[in-house]
Amino acid sequence: MSILIFLAILLVLVLVHEFGHFFSAKKFGIRVDEFGFGFPPKIYGVKKGETEYSVNALPFGGFVKIFGETPDEASISGPDAARSFVNKPKWQQAIVLFAGIFANLLLGWLLFSIGFMSGLPTSVGSELPGGVLKDVNLVIIAVDPGSPASSAGLKSGDKVMSLSSGTDTLSEVNPDNLKSFVVSHPDETIDMAYERGKSDTILHASVTPKRSAPEADPVIGISMDQVGIEKLPVLPALWQGLRYDWMVTRDTAVGFYNLIAQALAGHGSLSEVTGPVGLVGIVGDVSRFGFVYLLSFTALISVNLAVINLIPFPALDGGRLLFLLIEKIKGSPIKPKVANIANMAGFALLILLMLVVTYHDIAKLVIHK
């Protein structure tokens, strides 16, 4: 099920990206030969006007064939050359290339806004203006590996309902009184009642607090916070969605910059990168918390896709924008053969990187098992 959800998310994100290219190209009178759902081999196609709309066998997104985006003799000087991408003004080419990135950012804004309208988890004390916080619970934010909580099977996202040890019971839980309860029951087995995901079923875990040092307080190894569901009216939700979209875009761009800088300095690590296999697992975890959580996660991936495509690397939109800038500065076009070879080489390197990351994801799963 997680794989199907991930493929559906990927299909939507890539199609939105490609629709940005498609829409802007049409607006500038550039010929669009095909808009494909999925990747070949082709299953079905229908032609409307000059554009063929196809459904393909591999459901990993989609593509747009824009006449002249890969320059050749027909697009440069053929009978329909006036409608070729390569012969349009540089500013129009730049808009067509950037339109896919903009479409993903726009989708992120829309999904974040829907999340704020529907209700997103918010820490007590961090409410947004105009928001109403409901269904407040003590939520486990993180579980330390190897801790008593980890051994008991507790996970981030679990909602703590109560604790009991012997005849002593704590029913009104918050971070402070939970810590006090744990400290007052050193080396005793504590029964923790909790809820997981969308289920209303009360689960139980037995944890025994441990000290990291003789003089240290006993702990069970969790980070926690009081979290409720906050809903915003439409206009505040749209504003906060836009604000959040910008913050995520900025932070993602900084993260990618640091990752690339570390890699160039020889200090990079694949442990900071997640590929398709890793994302399938994350999608499965997120989907258990509900549809709104899945929408917000989709928005995060959409913003990440936009930022990745801005990287000035051949085969990416950012690389094509860099070529346009070079052509503008030098006052003449880059030779089509050179541009096409660079883009093909860039695409091959991206595929190789994806295979390496996928292998690393699978290796991590095997190790964890």
For this session: List the steps and the verdict of side-chain hydrogen bond (donor to acceptor under 3.5 Å, both in side chains) for D191 and S206.
Result: CA-CA 5 Å; D191 179 79; S206 296; 4.5 Å; no
Checking [X] side chain against [Y] main chain: does a donor-acceptor pair fall under 3.5 Å?
X	Y	value
D158	K155	yes
K210	P148	no
T122	L120	yes
N56	F37	yes

Problem set entry | Intermediate values then yes/no, side-chain hydrogen bond (donor to acceptor under 3.5 Å, both in side chains), D72 and S75 | CA-CA 5 Å; D72 55 19; S75 62; 2.9 Å; yes
For this session: Scan E34, E50, E18 and name whichever one has a salt bridge (charged side-chain N to carboxylate O under 4.0 Å, His left out) with K65.
Result: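 Checked E34, E50, E18 against K65; only one passes salt bridge (charged side-chain N to carboxylate O under 4.0 Å, His left out): E34.
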Exercise. Do other residues, nucleotides or ligands put more than 12 heavy atoms under 6.0 Å from the NZ atom of K90?
Worked result: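 More than 12 heavy atoms, drawn from other residues, nucleotides or ligands, come within 6.0 Å of this atom.
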Would you say [Y] ends up clustered with [X] if hydrophobic residues are merged whenever their side chains have heavy atoms under 4.5 Å apart, either directly or through other cluster members?
X	Y	result
L163	V219	no
L11	F22	yes
M224	I220	yes

For this session: Take the angle between the ring planes of W91 and F28 and call it parallel below 30°, perpendicular above 60°, tilted in between.
Result: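 Aromatic pair W91/F28 classed perpendicular.
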For this session: Classify the angle between the aromatic ring planes of F181 and H185 as parallel (below 30°), tilted (30 to 60°) or perpendicular (above 60°).
Result: parallel
For this session: Would you mind checking if R211 and D187 are paired as a salt bridge, meaning a charged N to carboxylate O distance below 4.0 Å?
Result: yes
Residues 246-254, side-chain donor-acceptor partners within the protein, below 3.5 Å, at least two apart:
residue, atom, partner, partner atom, Å
T249, OG1, D245, O, 2.7
T252, OG1, V248, O, 2.6

